[in-house]
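Atom set for the values below is all heavy atoms of this structure, side chains included, hydrogens, waters and symmetry mates excluded. Nothing here was measured: the structure is a model prediction, and the numbers come from that model. Along the sequence shown, residues carry numbers from 1. Each ligand, and each atom within it, is numbered from 1 in the order the structure gives.
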Amino acid sequence: MTLIDNHLPTAELQALDAAHHIHPFTANTALGKKGTRVITQASGVYLTDSDGERILDGMSGLWCVNIGYGRKELADVASAQMNQLPYYNTFFQTSHPPVIALAARLAELMPGDLNHVFFAGSGSEANDTNIRMVRHYWALKGKPTKKTIISRKNAYHGSSMGSASLGGMQGMHAQGGMPIPDVTHIDQPHWYSEGGDMSPEEFGLHCARKLEAEIDRLGEDNVAAFIAEPIQGAGAVIIPAETYWPEIQRICDEREILLIADEVICGFGRTGNWFGSDTFNISPDIMTIAKGLSSGYLPIGGSVVTDEIAEVIGSDEFNHGYTYSGHPVACAVALENLRILEEEKIVDYARDDIGPYLQKKWMALADHALVGEARMTGMMGAIELSPDKVNRAAFASDKGTVGFIAREHSFGNNLIMRHVGDAMIICPPLVLSHDEADILVDRAVKTLDQTHKYLKKNGMMVSA
Ligand SMILES: *Cc1c(COP(=O)(O)O)cnc(C)c1O
């Protein structure tokens, strides 16, 4: 058996990585000089690196390892499925038991009449599917001009040409000719940095109504859909005010447009319910899923659609699909992940136990001198770093400079926190214990203290 192990010393692994591996979202030359951290194994909420350090993973990998690492059941299911049927496609009027079982299970779990799944290999692929599906849907209904998809600035919907166009990240649009035509972006409901003097509730309504204005600007006959994450994840865990989603829902109900909830992060327990749509009482026409669907153990994503959309799309051949749509091993692993989430009541644990426990400690970080705001829903949270917390001021340094310094301290403290600009975010496995939550917050406090000290020493506690 060829198991790639840490049989090489760290420096050699780093040198080979620098020589041959191009990392995503990374300045690779600089990383090559510094040396990557090599993760060799993981169990529960802890990673181990090639130097034997144990690191608390406050990000669940990339927002995906909801059930934690090292669940042997998933490995066993993958092995059994590989032996029985490692691959078959679902294109040519064929199917197989794992894809049938997973589609049926998802239909049970989904809110409303979201009963039909088009499988993909990732969230990006699923959102690409959504672009084509909503446009094709309207064409089949005799309304081919309804093509434009409205999204939000600073949204993240994936990294392919289509999904990154739906996303609202300027740095991504700047590379490679995006957005594709007929995608527009309205403001995000990010009260901390954009709410000014409005109350969060006023600002939530104000942002939601931008959707109505954008539909009017474009003409309803030209709009296919609105896409949004219930809580923006990569944007910096942006939790909209309570007023936001009801107003968005009202607008989508009144206007003839489809609502796509991108639940790639929010789905499968992350917000304390099975779906973010449950938490915010959203009734989407399409839901994008990936990440927590398999807890990241294998790549799989999908678009889940209503009975009505499935019927319209089904009336014609949809010229679209991926080699790995409904991959049997990925489906079997996802099913086993869903079984564990359900039977071990992990979603209930996130909602009623560890979620509230961690939230209380996390929200208290707002008292720290460096923190302008703390926010958290379910098991995803953020703290905004500020040189002047009373005025929610940004730092004079380039955006992200301070966040990066804090992240380096956090890594040094063996806690994975991510920074988005100058906000620090967490999204730990849902199976985090109380003791582990205590350790997470202790390390976060230590990180804040070290960062604060560093900023003061270097004259960086200065407002923009
Ligand atoms: C990660 C993410 C995606 C993209 O998923 P990939 O599997 O990385 O392609 C899409 N939408 C949201 C909200 C995400 O967080």
Quiz item: Any side-chain donor paired with an acceptor under 3.5 Å for Thr129 and His320?
Solution: yes
Quiz item: Are His157 and Asp262 close enough that a side-chain donor and a side-chain acceptor fall under 3.5 Å?
Solution: yes
Quiz prompt | Distance, nearest 0.5 Å, that separates CG of Leu114 from CD of Glu263 | solution = 9.5 Å
Exercise. Determine, stepwise, if the pair Tyr46 / Asp57 fulfils side-chain contact (heavy atoms from CB on, under 4.5 Å).
Key: CA-CA 6 Å; Tyr46 282 99; Asp57 184 5; over 6 Å; no
Quiz prompt | Sub-4.0 Å heavy-atom environment of ligand 1, residues by chain | solution = Ser122, Gly123, Ser124, Asn127, Tyr156, His157, Gly158, Glu229, Asp262, Val264, Ile265, Lys291
Exercise. Determine whether the aromatic ring centres of Tyr324 and Phe119 lie less than 6.0 Å apart.
Key: no
Exercise. Apply the side chain to side chain donor-acceptor pair (under 3.5 Å) test between Thr184 and each candidate in Arg152, Glu214, Arg217; give the one that qualifies.
Key: Glu214
